[in-house]
Amino acid sequence: MNVAARAPRKTAAKGRDAPLVAWFAAQGWKPAAFQRETWRRYLDGESGLLHTPTGSGKTLAAFGGPLLEALSDPAAQRPVTGEGPRVLWVTPLRALAVDTARALGQTVQGLGLPWTVALRTGDASARDKRLARQGKADVLVITPESLALLLSYADASSRFRALRCVVVDEWHELLGNKRGVLLQLGLARLRRLSPGHRTWGLSATLGNLDEAREVLLPQAPDSVSVSGAKPRKVTISTLMPERDGRLPWAGHLGLSQLPRVFKRLFDVRASLLFTNTRAQAELWHRALASIWPESPATLALHHGSLDPKLRALAEQGLRDGSMRCVVATSSLDLGVDFPAVDQVLQVGSPKGVGRLLQRAGRAKHRPGESGHVICVPAQALELIEYAAARAAIAHGGIESRPPPRGSLDVLAQHAVTLALGGGFQADALYEEVRGTHAYAGLDRATWQAVLDFIVQGGQALSNYPEFRRVEIDAEGCYRVPDRRIALRHRLSIGTITSDGAVSVKYLRGGGLGSVEEGFLARLRPGDRFQFAGRTLQLVRLEGMTAYVRRAKDGDGPVATWQGGRMPLSTQLAREVERLYAHPGTHPEMRAVASLLRIQADASALPDSGRLVAERIVTRKGMHLFLFPFAGRAVHEALAALMALRWGRVQANTFSYTVNDYGFMLTLAETAELDEALLRRLMDPAGVMDDLREGVNLGELARRQFREIARVAGLLVPSLPGRAAKSLRQVQASSGLLYDVLRRYDPGHLLLAQAEREVFEFQLEAPRLLAALRDCQGRSLALCEPKALTPLSFPLWTESLRGQLSTETWQTRVARAAAQLQKRYARLA
DNA sequence: GACCTGCTGCGGGTTG
C-alpha cells in the first residue's frame with residue numbers, strides 16, 4: 001500500500017512530535033507533512049518505506065522517530081555502554097556515510113542529547129571503529145559490509161541489544177544486487193538479536209516500489225510506503241544539430257559536438273558532463289583541456305579507476321565552487337550533493353530512464369526549481385532516445401530493480417560470518433534466513449548443501465583443510481575454530497568482486513589510479529598513453545604496479561576498460577520503438593524526420609507491433625539485420641541462438657555483431673530466407689537447451705564461477721598492504737577449483753549457481769525469453785533494401801572494427817557513408 | 001565528413 005503524506009492526523013496533533021516541531025521552528029524551518037507522518041508511524045511502532053527524492057528532508061524524517069522516542073524517555077537518553085547502538089543507519093556509500101554521520105551528529109547536539117554518533121566504514125577513524133566494535137555508539141552509520149563484519153565478532157549478540165531503529169538509506173541502490181541480499185541477511189540477524197526494533201527504508205523513485213518495501217520488510221507485510229515531497233520535475237533538452245549540420249549515423253563518442261558543448265559550459269558557472277564510459281570521459285576531458293581558456297585546475301575528471309585522492313579533489317572543487325566542469329561517469333551519479341553545480345550534460349545514450357533522471361537530479365537544488373539535463377547526441381538515432389526518455393518520464397515509466405533470489409554464495413558467506421559471530425544452530429538459522437525475501441524459497445536439501453559446503457567444502461574438496469572452515473561442536477553449534485580462517489573470512493566479506501588491476505604510480509610516489517592488465521600489455525617501456533587526464537610515459541612494470549612519468553605531450557592510446565555492458569533498458573527501448581512509428585511533437589523527432597523517411601522508404605520503420613528484418617547481400621556474403629530493441633546482452637544471445645538453429649537447417653559459416661537496437665548475422669554463403677524460417681529461428685520453445693549448445697557456456701560459467709567462488713570464500717584474498725594478485729593468478733586458482741569440482745563434484749551448489757547466473761545476468765535469459773515471445777506476436781517486415789539503412793549502418797561499421805586497422809576502418813566507413821549519402825540524397 | 005565502447009559499490013586487526 002502506498003500512502004501519500006497527508007496533514008498529520010489527530011495523534012500527531014496531540015503533540016507527540018512537539019519537541020521536534022519546536023526544534024524545527026528554532027531553526028526557522030517547518031516540518032513537512034511527510035516528516036510528521038513518518039514520525040507518527042514510527043511512534044506507533046510501525047516500520048515502512050519512505051519514498052522521497054534526495055535533498056528533501058528525508059534524513060530528519062527517518063531520524064525524527066527515534067529522536068522523539070528518546071526525548072520522551074530519560075532512560076533512552078542515557079548513552080549506551082556496550083549494548084548499543086540505538087539507531088543503526090545503513091548506507092551504500094562511504095562518502096554518504098561520512099556526510100550522514102556529520103548531519104546526525106549535529107542534530108543530536110542541537111537537541112542536547114548526550115549521544116555518541118560514530119561512523120563504521122572501512123575508512124572510519126580507529127576511535128569510531130572501536131566505539132562500534134564495543135557497542136558504545138548510540139548512533140552508528142554503517143555500510144552493509146561493515147554490518148556483516150560487526151556480526152562476525154563473537155560478542156555480536158550483546159552489541160545490538162539496545163537497537164530501536166534501523167534506517168536503510170538509498171535502499172533502491174541495494175535492492176537489485178547481492179549487496180542488498182547481504183543486507184537482507186544482516187537485517188534478519190538483527191531482528192533476531194533485537195526483536196521489536198523498527199526498520200525504515202529510504203528510496204528514490206523506482207518501478208517496483210512496493211516490492212522494494214516487501215524485500216526490506218518481509219516481517220511486516222502490511223507496512224506502508226510513505227510518499228515524501230513531490231519529486232522534482234525534471235526537464236530534458238537536447239543540444240540539437242544545427243541547421244543542416246547532420247549527426248553521424250554511427251559512433252558513440254560525440255566529440256563532433258565539442259565546440260557547442262564548450263560554449264554551453266561557459267554559459268554557467270559550474271557543470272557536470274556525464275559520459276557512459278571511462279575511456280569516453282578521458283577523451284572528453286582531453287578534448288576540453290586542449291581548448292580550455294581558464295586555469296587547468298577548473299576542469300577535472302572523475303571515474304571509478306582514478307585514485308581516490310584525485311576524485312576527492314574534483315569533488316572538493318564542486319563543493320566549494322572552484323570547479324568549472326567535471327567530466328564524470330556514474331561515479332558521480334550518487335552520493336553527496338553538490339549545490340554549486342548549475343548544469344548537467346549527458347553525452348550519448350542515456351541507457352535508462354532512471355539513470356537519466358538520477359543524473360539530471362545532480363544539478364543545483366533550489367526549492368521549486370526543476371531538475372534539468374542537456375543531452376548531447378553522439379549519433380543521430382540517440383536523438384530518439386532522448387525523446388523517449390522524456391516521454392517515459394512523463395508517464396512514470398521508470399525501471400524496476402528486480403531483487404535477486406537464492407544466491408547461495410552470499411548465503412554461505414553469511415553462514416560463516418555467523419559461525420564466527422558466536423556460532424549458530426542449523427535449524428534456527430534456517431528459519432531465520434527463510435524469513436528474508438532472497439531465501440524465502442530455500443529448501444532443506446539446499447540449506448544442508450550450504451552447511452556441508454562451509455564445513456567441508458563439498459565432497460571433492462573435503463581433503464583440503466583450508467576449505468573446512470566451520471566445525472560443529474558437541475552442542476550442534478557451528479563455529480569457526482581457526483583464527484587464520486577468521487581473518488581470511490573477514491578480509492573477503494562483501495559481494496563486490498573485481499579482477500586485479502594494475503595501479504599506476506609516479507616514480508616519486510603518488511598514485512593516479514588503475515588500468516587493466518590487458519591495456520598495459522599493449523605498451524612497452526617508453527610508450528606514452530593517456531590516463532587520469534594526463535599524458536604519461538610508461539617507465540616500467542613491476543608486478544601489479546606500473547611506474548610512469550609525466551610526458552610533456554604527445555599521443556598514445558587512451559586507457560580503456562572492459563566493464564559492464566549497460567544495455568538499453570527495456571522501458572527506454574520500448575519507448576524508442578514506439579516513437580519510430582509515432583514521433584509526436586518532440587523536437588528531437590523533427591530532427592530525425594528525414595532519417596526516418598529514408599528508413600521507411602528503403603526498408604521499414606520499427607513499431608511496437610512490427611519487427612523489422614533486413615536482408616542485404618554484399619561481397620562478404622549475406623547479412624541479416626534484425627531489430628528487436630532488446631538491448632546488447634539479449635541480442636548477443638539471440639544472434640548465437642539463431643546462428644545455431646540456422647546452421648542446423650543448412651550448413652554455413654556465421655558471424656555476428658550486436659548493438660542495443662538489434663544485431664547483424666553474417667552468412668558466408670547466401671541462404672534462402674522467408675518469414676516462416678525466420679519465425680522458426682526465433683521460436684521460444686527449446687531456447688534454454690539451444691543456448692546451452694550454442695554459446696560457450698563452459699567459458700562463461702568459468703568466469704562467473706570466479707566471482708561466486710570469491711563471495712563464497714573459496715579464493716584466498718590477498719592481504720591488505722600486500723601486492724594484489726594478477727588476473728592470471730586468480731584465474732589459475734579459480735579455474736583449478738572449477739575443473740576439480742566439474743570433474744569430481746558436478747552437483748556442487750556453486751557450479752549450479754554459476755550456470756544460473758550466466759543465464760540470468762550474462763545472457764539475460766528472462767529478458768531474452770520475453771523478447772522472443774514478444775517477437776512472436778509481431779508482424780514481420782522482411783525487407784531487402786538495396787543498401788545499408790540508418791538502422792543497419794551502425795551495425796555494419798561495428799563489424800568492420802575487428803578486421804581492420806583504425807585507419808583503414810575510418811576510410812572504409814567514410815567511403816560507405818559518402819555512398820549512402822549520395823544514394824539517399826533525394827530522400828533527405 | 002561522418003570513426004576509437006562499455007558503470008558503480010565495499011572490505012582487517014581483541015591492541016594502542
Calculate the interatomic distance between A:Leu795 atom CG and B:dT5 atom P; express it in whole Å. 14 Å

Just say parallel, tilted or perpendicular for the rings of A:Phe531 and A:His303, cut-offs at 30° and 60°. tilted

B:dC7 base / A:Ser330 side chain donor-acceptor hit below 3.5 Å: yes

I want to verify a distance call: between B:dC7, B:dC3, B:dT14, whose nearest atom is closest to the A:Pro248 side chain? B:dC3

Can you see if the side chain of A:Thr143 gets near the phosphate of B:dG11 - specifically, an N or O under 4.0 Å from OP1 or OP2? yes

A:Glu170 (side chain) donor-acceptor with A:Thr91 (main chain) under 3.5 angstrom: no

What is the distance from CD of A:Gln280 to P of B:dT5, rounded to the nearest Å? 11 Å

First locate atom CZ of A:Arg189, then atom CG of A:Leu187, and finally report the distance between them rounded to the nearest 0.5 Å. 13.0 Å

Taking distance alone, no hydrogens or angles, what donor-acceptor pairs closer than 3.5 Å link side-chain atoms of residues 409-421 of chain A to residues at least two apart or in another chain?
{"from": "A:Asp409", "atom 1": "OD2", "to": "A:Lys178", "atom 2": "NZ", "distance (Å)": "2.6"}
{"from": "A:Gln413", "atom 1": "OE1", "to": "A:Gly494", "atom 2": "N", "distance (Å)": "3.0"}
{"from": "A:Gln413", "atom 1": "NE2", "to": "A:Ser492", "atom 2": "O", "distance (Å)": "3.4"}
{"from": "A:Gln413", "atom 1": "NE2", "to": "A:Gly494", "atom 2": "O", "distance (Å)": "2.9"}
{"from": "A:Gln413", "atom 1": "NE2", "to": "A:Val711", "atom 2": "O", "distance (Å)": "3.0"}
{"from": "A:Thr417", "atom 1": "OG1", "to": "A:Gln413", "atom 2": "O", "distance (Å)": "3.0"}
{"from": "A:Thr417", "atom 1": "OG1", "to": "A:His489", "atom 2": "NE2", "distance (Å)": "2.8"}

From C-beta outward on A:Arg94, which listed nucleotide comes closest to its side chain: B:dC10, B:dC7, B:dT14? B:dC10

Please determine whether a side-chain nitrogen or oxygen atom of A:Arg179 lies at a distance below 4.0 Å from atom OP1 or OP2 of B:dG9. no

Side-chain N,O (A:Arg490) to OP1/OP2 (B:dG13) below 4.0 Å: yes

Can you tell me which nucleotide in B:dG13, B:dC4, B:dC7 comes closest to the side chain of A:Met566? B:dC7

Could you tell me the separation between the CG atom of A:Leu182 and the C1' atom of B:dG11, rounded to a whole number of Å? 11 Å

If you compare every side-chain N and O of A:Arg311 against the phosphate oxygens of B:dG9 (OP1, OP2), does one of them come in below 4.0 Å? yes

Measuring from the side chain of A:Glu145 (C-beta onward, heavy atoms only), which nucleotide among B:dG12, B:dC10, B:dC7 has the closest atom? B:dC10

Base, sugar-phosphate, or nothing: which does A:Thr121 touch, judged by heavy atoms less than 4.0 Å apart? sugar-phosphate

State whether A:Arg120 places a side-chain N or O below 4.0 Å from either non-bridging phosphate oxygen (OP1 or OP2) of B:dG12. yes

Select from A:Arg565 and A:Ser152 the residue whose nearest nucleotide in DNA chain B is closer to the 5' end of that strand. A:Arg565

Tell me what A:Ser146 touches on the nucleic acid: a base, only sugar-phosphate, or nothing, going by heavy atoms under 4.0 Å. sugar-phosphate

On DNA chain B, compare the nucleotides closest to A:His252 and A:Arg278; which residue's is nearer the 5' end? A:His252

Residue list, salt bridge (charged side-chain N to carboxylate O under 4.0 Å, His left out) with A:Arg311, at least two apart or on another chain: none

Side chain of A:Ile496 - closest among B:dT5, B:dC10, B:dG12: B:dC10

Of the candidate nucleotides B:dC7, B:dG11, B:dT14, which contains the atom at the shortest distance from the side chain of A:Ala154? B:dT14

NA contact type, A:Arg127, heavy-atom cut-off 4.0 Å: base, sugar-phosphate, or nothing? nothing

Considering every strand and a 4.0 Å limit on heavy-atom distances, what is the contact class for A:Leu149: base, sugar-phosphate, or nothing? sugar-phosphate

